[in-house]
Visitor: 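Submitted below is the structure of interest, expressed as structure tokens.
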There are 2 protein chains.
Amino acid sequence: MAVRKRDPEKTRTHLLQVGFQEIYQNGFQGVSVDQIVGKSSVTKGAFFHYFPTKSDLGYAIVDEFLREMILERWIRPLAAYPNPVQGILNRFKKNIVAWPEENLIRGCPLNNLSQEMSAVDPVFREKLQVVMNLWIDETEKYLKKAKTDGYLKKTVQTKQLAQFIVTLQEGTYAMAKTLGDRKVFDSLYGSLRAHLEILSSSPTRDDVRE
Amino acid sequence: MAVRKRDPEKTRTHLLQVGFQEIYQNGFQGVSVDQIVGKSSVTKGAFFHYFPTKSDLGYAIVDEFLREMILERWIRPLAAYPNPVQGILNRFKKNIVAWPEENLIRGCPLNNLSQEMSAVDPVFREKLQVVMNLWIDETEKYLKKAKTDGYLKKTVQTKQLAQFIVTLQEGTYAMAKTLGDRKVFDSLYGSLRAHLEILSSSPTRDDVRE
DNA sequence: TCTTTTACATACTAAGTAGTATGTTATGAT
DNA sequence: ATCATAACATACTACTTAGTATGTAAAAGA
């Protein structure tokens with residue numbers, strides 16, 4: 001056929017994308033289904049064809065969107081670094097430098113959704129938990145690698161450190177959001193770096209590549 | 001004087017208290033005015049007599065309630081410790097140990113409100129910013145004291161450290177909320193403690209003080 | 001004591017809200 | 001070509017929402 005008039009997969013992901021954006025900007029409870037379909041080019045009928053309830057859209061965003069976002073932003077890039085500790089610091093730096101101004105007061109989508117919905121909806125809680133644990137666990141894998149490769153002191157508890165790193169990263173975005181000030185990025189990056197330098201067996205070099 | 005039939009101050013603070021509880025449990029956008037007046041013993045007419053809009057209740061909670069809560073929980077107790085660094089660690093420990101089980105997945109009220117409302121409502125943002133800055137600034141005052149009293153290395157940048165401490169504390173509650181696991185309290189407390197020990201001129205111990 | 005003002009209470013409204021009922025049309029299988 | 005089904009579209013509903021209109025009783029002031 002010449003032109004496709006229907007593309008269900010595309011329609012669904014389109015709804016996920018628009019839904020993500022709207023939720024990111026207004027919060028899950030602050031957004032209506034009408035608002036989401038209004039911003040996209042599909043109708044309410046289509047929306048409820050793909051997602052039986054508004055919550056189901058939110059769940060799908062966590063499962064398919066936020067999960068992917070975390071892996072892409074924080075985990076996969078680490079594979080390129082011989083020293084994972086250096087990699088973690090480097091990626092943190094790059095991510096905060098590249099963080100767009102309009103997102104400063106919007107914070108981290110994962111954290112936003114978790115702080116808003118975890119206590120309210122147990123399904124959200126469980127799904128957000130899974131993504132957060134994935135983030136921490138994958139970070140820990142790289143810390144273990146760093147340890148065996150001699151980049152981290154043998155006494156370092158990798159799980160504790162992984163939790164610390166992710167917590168501080170999330171906390172950094174949350175604090176930047178609350179204070180509405182980019183400067184906290186540098187300040188907290190500096191603190192994380194100092195912390196990691198202490199735990200490194202060889203000094204973590206100063207030249208963070210651009 | 002016989003019995004007071006009306007006590008405007010009490011009615012108002014009652015609404016603040018009930019409002020705080022309901023918002024803490026359901027989020028600001030997840031709570032309705034009807035819900036709040038339903039849980040209290042006043043009517044809708046009374047509510048709107050004190051607060052022209054639902055948002056105004058939220059603002060008042062930040063200004064009068066959260067601000068007080070932060071000072072009482074995190075700042076004022078520090079006055080009792082000769083070594084403020086020890087005080088900060090000690091209070092953190094005490095607060096997480098005493099943190100009730102049902103609040104674990106509810107997180108920190110200040111952080112909740114900020115993550116939910118800062119991006120949505122600029123008035124909330126400004127008010128939450130004020131409270132957060134108060135927390136950081138008051139913490140820094142104690143860090144400066146610690147420095148002059150010889151408990152912290154002279155090289156320590158107190159503002160950066162204050163931001164780091166508050167961010168990690170907030171982050172700790174946020175992570176415990178997301179993971180629904182008390183163990184992260186101990187893990188992150190351990191990390192903060194290790195961090196502060198490095199910056200202390202004399203070893204920070206639970207039982208030993210200089 | 002009388003009057004004004006504050007502190008409530010009751011009933012209502014207009015504008016959303018998530019979700020449904022009921023279509024119609026495209027598409028893939030037979 | 002036919003038919004079943006998936007992919008939408010439109011119109012509606014039952015309910016909730018913040019806020020208002022209007023009233024009344026208790027205090028405070030004169």
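The structure displayed is predicted, hence computed values, not measured ones. Letters go in sequence order (proteins before strands), and every chain restarts at 1. Excluded from the calculations below are hydrogen atoms, water molecules and symmetry mates; all remaining heavy atoms, backbone and side chain alike, are included.
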Visitor: Would you check if there is a donor-acceptor pair between the side chains of A:Gln115 and A:Asn111 at a distance under 3.5 Å?
Guide: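 Yes - a donor-acceptor pair under 3.5 Å links their side chains.
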Visitor: Using the side-chain heavy atoms of B:Arg6, tell me which of these nucleotides is nearest: C:dA9, D:dC8, D:dA25.
Guide: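 In terms of side-chain proximity for B:Arg6, the closest of C:dA9, D:dC8, D:dA25 is D:dA25.
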Visitor: Considering only heavy atoms, which members of residues 51-66 of chain A lie under 4.0 Å from some atom of DNA chain C?
Guide: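 The stretch gives A:Thr53, A:Lys54 as the residues lying under 4.0 Å from the strand, ordered by number.
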Visitor: Determine: side-chain N/O of A:Thr11 to OP1/OP2 of D:dC8, distance under 4.0 Å, yes or no.
Guide: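 Checking A:Thr11 against D:dC8: at least one side-chain N or O falls below 4.0 Å of OP1 or OP2.
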Visitor: Among side-chain atoms of A:Asp56 and A:Thr53, is any donor-acceptor pair under 3.5 angstrom?
Guide: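 Yes, a side-chain donor-acceptor pair sits under 3.5 Å.
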Visitor: Would you say the side chain of B:Lys177 lies within less than 4.5 Å of the side chain of B:Val184, judging by non-hydrogen atoms?
Guide: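 No; the side chains remain at least 4.5 Å from each other.
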Visitor: In whole angstroms, how far is the P atom of C:dT25 from the CG atom of A:Asp7?
Guide: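 Interatomic distance, CG of A:Asp7 to P of C:dT25: 21 Å.
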Visitor: Go through D:dT10, D:dA7, D:dA26 for me and flag the one nearest to the A:Lys44 side chain.
Guide: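 That would be D:dT10.
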Visitor: When the distance from OH of B:Tyr50 to P of D:dA18 is rounded to whole Å, what number comes out?
Guide: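 The distance from OH of B:Tyr50 to P of D:dA18 comes to 20 Å, rounded to the nearest Å.
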Visitor: Check whether any side-chain N or O of B:His49 sits under 4.0 Å from OP1 or OP2 of C:dA7, and answer yes or no.
Guide: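 The answer is yes; a side-chain N or O of B:His49 sits under 4.0 Å from OP1 or OP2.
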Visitor: Does any N or O in the side chain of A:Thr11 come within less than 3.5 Å of the main-chain N or O of A:Asp7, such that one atom is a donor and the other an acceptor?
Guide: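 A pair under 3.5 Å: yes.
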Visitor: With sequence neighbours excluded, what pairs up with B:Gln160 under the side-chain contact (heavy atoms from CB on, under 4.5 Å) test?
Guide: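 side-chain contact (heavy atoms from CB on, under 4.5 Å) list for B:Gln160, sorted by chain: A:Ser187, A:Ser191, B:Gln157.
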Visitor: Which pair of heavy atoms, one from B:Gln129 and one from A:Leu179, lies closest together, and at what distance?
Guide: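 In this case the closest contact between B:Gln129 and A:Leu179 is NE2-O, 3.2 Å.
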Visitor: Check DNA chain C against residues 12-33 of chain A and give the residues with a non-hydrogen atom under 4.0 Å, in numerical order.
Guide: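 Per residue number, the list reads A:Val31, A:Ser32, A:Val33.
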Visitor: For B:Phe28, does the six-membered ring have the charged nitrogen or CZ of B:Lys54 within the cation-pi criterion, i.e. under 6.0 angstrom from the centroid and within 45° of the normal?
Guide: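 Verdict for B:Phe28: a cation-pi partner in B:Lys54.
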Visitor: I need the CD-P distance between B:Glu9 and D:dA26, as an integer number of Å.
Guide: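 It works out to 21 Å between those atoms.
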Visitor: Relative to the ring of B:Tyr173, is the ring of B:Phe92 parallel (under 30°), tilted (30 to 60°) or perpendicular (over 60°)?
Guide: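 Rings of B:Phe92 and B:Tyr173: tilted, 30 to 60°.
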Visitor: To the nearest Å, how far apart are A:Asp34 CG and D:dT10 P?
Guide: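 Roughly 14 Å, once rounded to whole Å.
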Visitor: Could you walk me through whether A:Phe47 and A:Phe51 pass the ring-ring contact (aromatic ring centres under 6.0 Å, His included) test, one step at a time?
Guide: CA-CA 6 Å; A:Phe47 181 97; A:Phe51 306 103; 5.7 Å; yes
Visitor: Provide, to the nearest angstrom, the distance between the CZ atom belonging to A:Phe47 and the C1' atom belonging to C:dT17.
Guide: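 That distance rounds to 13 Å.
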Visitor: From C:dA9, D:dA7, C:dT20, pick the nucleotide closest to the side chain of B:Val42?
Guide: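 Nearest to the side chain of B:Val42 among the choices is C:dA9.
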Visitor: Rounding to an integer number of Å, can you tell me how far A:Ile36 CD1 sits from C:dG19 C1'?
Guide: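 Atom-to-atom, A:Ile36 to C:dG19, this comes out as 14 Å.
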Visitor: Among C:dC8, C:dA9, C:dT20, which nucleotide has an atom closest to any side-chain atom of A:Phe48?
Guide: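 The answer is C:dT20.
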